[in-house]
**Q** 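Could you have a look at this structure, given as structure tokens, before my questions?
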Amino acid sequence: MKTMDDIAYASPFRDWSPLGKFSLALSLLVASLLASSIVVPSIGLVVGFVLLAYSTRLRFPKVIVIALLEGLLIFFIGALVIALVTAGQPLWTFDLWPLTVTVSREGAHLGLLVFLRAVTGVTVMLFFATSTPLPQFANSLRQIRMPKEIVELTVLIYRYSFLLLEQVETMYIAADCRLGFRGYRNKYRTTSKMAVNVFTRSLDMAERSQAALNARSYQGVFHCYRPPVSLSAKWISFSLAVFLSLYAINQLIVDSGSLMCLLKM
Amino acid sequence: MHIMEGFLPVEWALFWFALSIPVVIWGFVRIRKLFAEQPEMKMSVALAGAFIFVLSSLKLPSVTGSSSHPTGTGASTILHGVAITSVLATIVLIFQALLLAHGGITTLGANIFSMGIAGPLIGWMAYKGMNKVRMGLVPTVFVTAFLANLATYIVTALQLALAYPTDGNAMTSFITFFGIFAVTQIPLAVVEGVLFVMFFDYLARARPDLLKGKLIIKDRAAEVAGAAVEG
């Protein structure tokens, strides 16, 4: 989490409008979801990967590689199940006694499409996450009139997560040194003790934070003195153009497929 | 287990958003009212959210060899109720989607519904029912956390089955999805139940004031004093 935060603060895209980047990411995601051809998610994947590579300055930290690999495995299993449950013209049949598993042509296509959509989605969202510090994104939500309580709660949860994670790390090392994770029984016992300690410490931390804020004349609002760049009409038009182009490409491919079928007839 | 980015068609993604948003708004209204009446609660609620997020980073071994993490919604339901849990789950799911590539933005509505609404609601019903018949801490917490976790996965399997029905039949698809996920998810629901029984047991000893009126806790000090008098 800290690595992601560091990458986001060092990204060359950091000063771009967070909502602008979000609308671009969303247009790529929605265009991929609406597509019936694998070409559109593939284009989205290439665009997302180039942006991600540039955002991380072509240095993929271990955390991103692990996230991508873990994601790929989950996507593969999910897409495989979707391929298996989709009925249609049989393509492959596997005799796994006592079961016979059949993958249909439609199932294989849908499974591949979903897999590509998922990989595109993660790549595009990683581009957004590695180029936008989360507090910046939360503060930019004020521009679309998101209630201030939600914005502040989001920023506070984010900030406090770092403090709690630091404590968890310390507790983990201390427990590990005392063989606290040896065997299942010890592992559960230590984990639950750690959870209680983190919880009670978080309550103490809340009380101390409140006292510190009161001492600094806290009136119930956290002011943001350097608001992030706002969402401009340019960003909206650009995102819309990207979406419409991808949608048009999909329609062209689908129509040309139908045209080919008609010509064959 | 969350539905990953790109796994739901647009119409289903919108449908789950439409179902989740009213509950999250209700939760937000509750939080706003709470903050207006008790401004000092802002820090406590924020730290409860941070706690859920941190808790989800604690990896646990599963019987099938994989590892997973607690959802934390069962515990949050007991401590804060369904409405506030839904808002906290929404924020945590956004963090997980953006920072851990776990879940997604287009599937956020579906994940909020399964992890932030359905799971806590089933857990809350079990918790209220068992508290009414004055069950002890151990069975109440175990059943609440177990059901909250299991309901999350049943709803997730249902969401996928509705999006990808087998030959138009969502039930066949549901059995396939749930059958595959059950191998890891049922043991994980048991593990989460056990973990939170230990959690609340330690919490009842360390800070019994936090559970006052929420769970039936044996007065250990009185028991020890009684035993000493008898002895």
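So that the names make sense, note that chain A is the first sequence line, chain B the second, and so on, each numbered from 1. Every heavy atom of this structure was used, including side-chain atoms; hydrogens, water molecules and symmetry mates were not.
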**Q** Please look at A:R159 and chain B and tell me whether the side chain, the backbone, both or neither of the residue comes under 4.5 angstrom of a heavy atom of that chain.
**A**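 For A:R159, there is no contact with chain B at all, as no heavy atom is under 4.5 Å.
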
**Q** Closest heavy-atom contact between A:L156 and B:A46?
**A**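 So the minimum-distance heavy-atom pair works out to CB-CB, 3.5 Å.
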
**Q** Does any backbone or side-chain atom of B:L79 lie under 4.5 Å from a heavy atom of chain A? Answer side chain, backbone, both or neither.
**A**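 For B:L79, the side chain is the part near chain A, not the backbone.
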
**Q** For atom CZ of A:F49, is the number of surrounding heavy atoms from other residues, nucleotides or ligands below 6.0 Å larger than 12?
**A**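 At most 12 heavy atoms, drawn from other residues, nucleotides or ligands, come within 6.0 Å of this atom.
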
**Q** Given the rule in the side chain to side chain contact (heavy atoms under 4.5 Å, CB included) test, do B:I91 and A:L153 qualify, once you have shown the distances and angles that lead to the verdict?
**A** CA-CA 9 Å; B:I91 296 173; A:L153 201 58; 3.9 Å; yes

**Q** Rounded to the nearest 0.5 Å, how far does CG of B:L8 lie from CZ of A:R117?
**A**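 Interatomic distance, A:R117 CZ to B:L8 CG, rounded to 0.5 Å: 10.0 Å.
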
**Q** Tell me whether the count of non-hydrogen atoms from other residues, nucleotides or ligands lying under 6.0 Å of CD in A:E169 goes above 12.
**A**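 For A:E169, atom CD is not crowded (no more than 12 foreign heavy atoms under 6.0 Å).
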
**Q** Report which part of A:F22 has an atom under 4.5 Å of a heavy atom belonging to chain B: side chain, backbone, both, or neither.
**A**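 Contact with chain B is through the side chain of A:F22 alone.
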
**Q** What part of B:V197 gets within 4.5 angstrom of chain A, counting heavy atoms only: side chain, backbone, both, or neither?
**A**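 For B:V197, neither part sits under 4.5 Å from chain A.
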
**Q** Just wondering, are more than 12 heavy atoms of other shown residues or ligands nearer than 6.0 Å to CZ in B:F17?
**A**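 Yes.
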
**Q** So which part of B:L203 gets closer than 4.5 Å to some heavy atom of chain A, the side chain, the backbone, both or neither?
**A**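 Both parts, backbone and side chain.
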
**Q** Roughly how far, to the nearest 0.5 Å, is CZ of B:F177 from CD1 of A:I82?
**A**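 Answer rounded to 0.5 Å: 5.0 Å.
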
**Q** At a heavy-atom separation under 4.5 Å, does A:L26 approach chain B through its side chain, its backbone, both, or neither?
**A**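 Contact with chain B involves the side chain of A:L26 alone.
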
**Q** Taking side-chain hydrogen bond (donor to acceptor under 3.5 Å, both in side chains) as the test, write out the residues that go with A:E149, two or more places apart.
**A**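 side-chain hydrogen bond (donor to acceptor under 3.5 Å, both in side chains) check on A:E149 returns B:R32.
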
**Q** Measuring heavy-atom distances to chain A, does B:L88 have an atom under 4.5 Å in its side chain, in its backbone, in both, or in neither?
**A**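 Only the side chain of B:L88 comes within 4.5 Å of chain A.
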
**Q** Examine whether an atom of A:L213 lies under 4.5 Å from a heavy atom of chain B, and if so say whether it belongs to the side chain, the backbone or both; otherwise answer neither.
**A**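 Contact with chain B is through the side chain of A:L213 alone.
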
**Q** Just how far is it from atom CG of A:L33 to atom OG1 of B:T106, taken to the nearest 0.5 Å?
**A**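 A:L33 atom CG to B:T106 atom OG1 measures 4.5 Å (nearest 0.5 Å).
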
**Q** If you take all heavy atoms of A:Y160 and B:A50, which pair is closest and at what distance?
**A**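 Where A:Y160 meets B:A50 most closely, the heavy atoms are CB-CB, 3.8 Å.
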
**Q** Which answer fits A:L110, side chain, backbone, both or neither, if we ask what part of it has an atom under 4.5 Å from a heavy atom of chain B?
**A**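 Side chain of A:L110 only, per the 4.5 Å heavy-atom cut-off to chain B.
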
**Q** Hey, mind stepping through A:M194 and B:Y202 against side chain to side chain contact (heavy atoms under 4.5 Å, CB included) and telling me if it holds?
**A** CA-CA 10 Å; A:M194 271 170 59; B:Y202 288 128; over 6 Å; no

**Q** I need the residue from A:K193, A:E106, A:E207, A:M125 with the largest number of non-hydrogen atom pairs under 4.5 Å to chain B.
**A**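 Max contact count across the listed options: A:K193.
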
**Q** Against chain B, work out which of A:T86, A:I150, A:V124 has the most heavy-atom pairs shorter than 4.5 Å and name it.
**A**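 Ranked by heavy-atom pairs under 4.5 Å with chain B, first place is A:I150.
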
**Q** Heavy atoms only, distances under 4.5 angstrom: which of A:A138, A:S32, A:A118 has the most pairs with chain B? Name it, please.
**A**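 Going by pairs under 4.5 Å, I would pick A:A118.
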
**Q** Nearest 0.5 angstrom please: A:T154 OG1 to B:F95 CZ, how far?
**A**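 CZ of B:F95 is found 5.5 Å from OG1 of A:T154.
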
**Q** Could you give the distance from CG (A:L134) to CG (B:L98), rounded to the nearest 0.5 Å?
**A**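 Result: 5.5 Å between the selected atoms.
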
**Q** Please indicate whether A:F76 has more than 12 foreign heavy atoms, meaning atoms of other residues, nucleotides or ligands, lying under 6.0 Å from its CZ.
**A**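 No, not enclosed.
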
**Q** Show me the donor-acceptor pairs, under 3.5 Å and distance only, between side chains in residues 157-166 of chain B and residues at least two apart or in other chains.
**A**
from	atom 1	to	atom 2	distance (Å)
B:Q159	NE2	B:A110	O	2.9
B:Y164	OH	B:F7	O	2.6
B:T166	OG1	A:V85	O	2.9

**Q** From B:M4 CE over to A:F115 CZ, what is the distance, rounded to the nearest 0.5 angstrom?
**A**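 B:M4 CE to A:F115 CZ: 11.0 Å, rounded to 0.5 Å.
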
